[in-house]
Amino acid sequence: MSPFFILSQVFGFIALIIVCLSYYFDSKKAFLAYQILGNIFYSASFLTLNVFVGGINTIISTIRVTSLYLLERKDKSPPLLLYITFALLYLYSGTIFFQDSLDIIAIIAYEIFNIAMFVRKIELTRILMVLPNIMIVIYNILNYTFTNAILDCVEICVLIFAIFKFGNKNKREIWYLL
């Protein structure tokens with residue numbers, strides 16, 4: 001085992017814990033704060049394995065989540081221009097760092113993540129995060145980054161659990177959002 005592989009697994013494990021904790025906050029502000037920290041470690045996990053589209057797009061995600069966090073602290077809705085900027089950054093990054101056709105999965109997943117993060121209702125954000133997480137699991141498996149796939153599988157389980165846990169409190173509101 002190379003030191004980079006081991007370091008990647010350590011980064012992935014830290015990201016796993018932080019990201020899973022993020023889904024248990026009712027506040028969008030707290031959710032975003034944990035997502036920022038988790039994304040930093042998640043990106044490092046990708047980059048130490050030379051998975052550049054996943055790593056660079058996660059860095060972009062960290063910047064996006066930080067921007068949204070700052071807006072949420074001021075109780076402001078994110079402007080459409082910010083959403084479009086990040087959507088274009090994901091496409092641009094995916095094009096520049098494109099290694100093979102598998103990267104298309106990551107590019108599409110990050111675009112869906114972008115949509116989910118710009119929704120102000122935390123309940124809908126949780127629901128919208130399921131599909132891109134499934135896509136990233138597939139991406140990780142096909143790129144042989146199995147521990148990242150495990151991380152994302154656990155995140156999906158935690159996410160679904162959080163959807164049902166908090167959904168029982170707010171059944172009417174969740175069905176309205178769908």
Side-chain angles (χ1 to χ4, degrees), residues 1 3-74 78 82 86 89-90 93 105-106 109-141 143-167 169:
M1 268 189 265
F4 291 111
F5 178 79
I6 294 169
L7 188 58
S8 173
Q9 306 322 303
V10 169
F11 288 148
F13 182 72
I14 293 168
L16 168 66
I17 292 169
I18 294 168
V19 169
C20 288
L21 286 173
S22 75
Y23 291 108
Y24 286 92
F25 289 93
D26 264 343
S27 145
K28 184 78 176 207
K29 196 178 344 178
F31 169 77
L32 291 170
Y34 275 80
Q35 286 284 317
I36 292 167
L37 193 55
N39 277 341
I40 291 168
F41 286 101
Y42 194 66
S43 176
S45 180
F46 272 125
L47 293 174
T48 56
L49 295 176
N50 294 323
V51 179
F52 294 111
V53 170
I56 300 300
N57 279 350
T58 304
I59 290 171
I60 293 169
S61 292
T62 305
I63 296 166
R64 180 200 62 214
V65 173
T66 302
S67 301
L68 293 172
Y69 174 76
L70 294 172
L71 287 168
E72 193 67 35
R73 283 186 60 188
K74 296 177 182 179
L82 190 62
F86 283 106
L89 279 172
Y90 289 125
S93 166
I105 297 170
Y110 280 96
E111 292 293 353
I112 298 170
F113 280 132
N114 194 39
I115 293 166
M117 295 303 272
F118 274 86
V119 172
R120 292 214 56 208
K121 295 278 190 182
I122 187 65
E123 297 86 0
L124 186 54
T125 298
R126 287 185 191 113
I127 293 167
L128 290 172
M129 295 288 278
V130 175
L131 177 61
N133 271 301
I134 291 169
M135 293 171 70
I136 291 296
V137 167
I138 294 166
Y139 177 72
N140 284 323
I141 290 170
N143 276 301
Y144 304 107
T145 54
F146 298 116
T147 54
N148 284 353
I150 292 168
L151 179 154
D152 289 313
C153 284
V154 171
E155 183 178 352
I156 291 167
C157 292
V158 169
L159 180 56
I160 290 170
F161 180 77
I163 289 168
F164 285 108
K165 178 181 178 184
F166 293 108
K169 285 183 182 177

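Because the structure is predicted, anything quoted here is derived from the model rather than measured.
- Counted within 6.0 Å of CZ on Phe13, heavy atoms from surrounding residues, nucleotides or ligands total 12 or fewer; the atom is thus considered open.
- Taking CG of Asn39 as the reference point, atom CZ of Phe113 lies at 8.5 Å (rounded to 0.5 Å).
- In this structure, the side chain of Thr58 engages the main chain of Gly54 through a donor-acceptor pair within 3.5 Å.
- Distance check, rounded to the nearest 0.5 Å: OG of Ser27 to CG of Leu32 gives 8.0 Å.
- Counting non-hydrogen atoms of other residues, nucleotides and ligands closer than 6.0 Å to OH of Tyr34 gives a total of 12 or fewer.
- Of the possible polar contacts, one joining the Asn140 side chain to the Ile136 backbone as a donor-acceptor pair under 3.5 Å is found.
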| message | If you apply the rule side chain to side chain contact (heavy atoms under 4.5 Å, CB included), what do you find for Tyr110 with Ser93, and how did you get there? | response | CA-CA 11 Å; Tyr110 280 96; Ser93 166; over 6 Å; no
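- In this structure, the side chains of Met129 and Tyr23 come closer than 4.5 Å at one or more pairs of heavy atoms.
- Taking OG of Ser43 as the reference point, atom CD1 of Ile56 lies at 6.5 Å (rounded to 0.5 Å).
- Heavy-atom minimum distance, Gly55 versus Leu47: CA-CD2, 3.7 Å.
- The structure places OG1 of Thr66 at 10.0 Å from CG of Leu37, a figure rounded to the nearest 0.5 Å.
- The shortest side-chain heavy-atom distance between Tyr139 and Val53 falls under the 4.5 Å cut-off.
- Here the closest heavy-atom approach between residue Ser8 and residue Thr48 is recorded as CB-OG1, 2.9 Å.
- For Tyr24, the OH atom counts as densely surrounded, since its 6.0 Å shell holds more than 12 non-hydrogen atoms of other residues, nucleotides or ligands.
- The distance from atom CD1 of Ile127 to atom CD1 of Ile160, rounded to the nearest 0.5 Å, is 11.0 Å.
- A heavy-atom distance below 4.5 Å is not found between the side chains of Ile122 and Phe166.
- For Arg64 and Tyr90, the side-chain atoms include at least one donor-acceptor pair closer than 3.5 Å.
- Side-chain contact between Ile40 and Ile18 is absent, with no heavy atoms from C-beta onward closer than 4.5 Å.
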| field | Verdict with supporting geometry, Leu49 and Phe5, side chain to side chain contact (heavy atoms under 4.5 Å, CB included) | value | CA-CA 7 Å; Leu49 295 176; Phe5 178 79; 4.2 Å; yes
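- Taking the side chain as every heavy atom from C-beta outward, Ile112 and Leu128 never approach each other to under 4.5 Å.
- Using the six-membered ring where Trp is involved, Phe46 and Tyr42 have ring planes that are perpendicular, over 60° apart on the 30 and 60° scheme.
- In this structure, the side chain of Ser45 does not engage the main chain of Phe41 through any donor-acceptor pair within 3.5 Å.
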| What's the verdict on side chain to side chain contact (heavy atoms under 4.5 Å, CB included) for Leu151 and Val19, showing C-alpha distance, side-chain angles and the deciding distance? | CA-CA 9 Å; Leu151 179 154; Val19 169; 5.8 Å; no
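- Here the shortest heavy-atom pairing between Arg126 and Asp26 reads NH2-OD1, 3.8 Å.
- Contact detail for Thr62 and Ile36: the closest heavy-atom pair is CG2-O, 3.9 Å.
- You'll find the side chain of Phe118 reaches within 4.5 Å of the side chain of Leu82, heavy atoms only.
- Of the possible donor and acceptor atoms, none in the side chain of Thr125 sits under 3.5 Å from a partner among the backbone N and O of Met117.
- Gln35 and Ser22 get closest at one heavy-atom pair: NE2-OG, 2.8 Å.
- Closest heavy-atom contact between Ile60 and Leu89: CD1-O, 3.7 Å.
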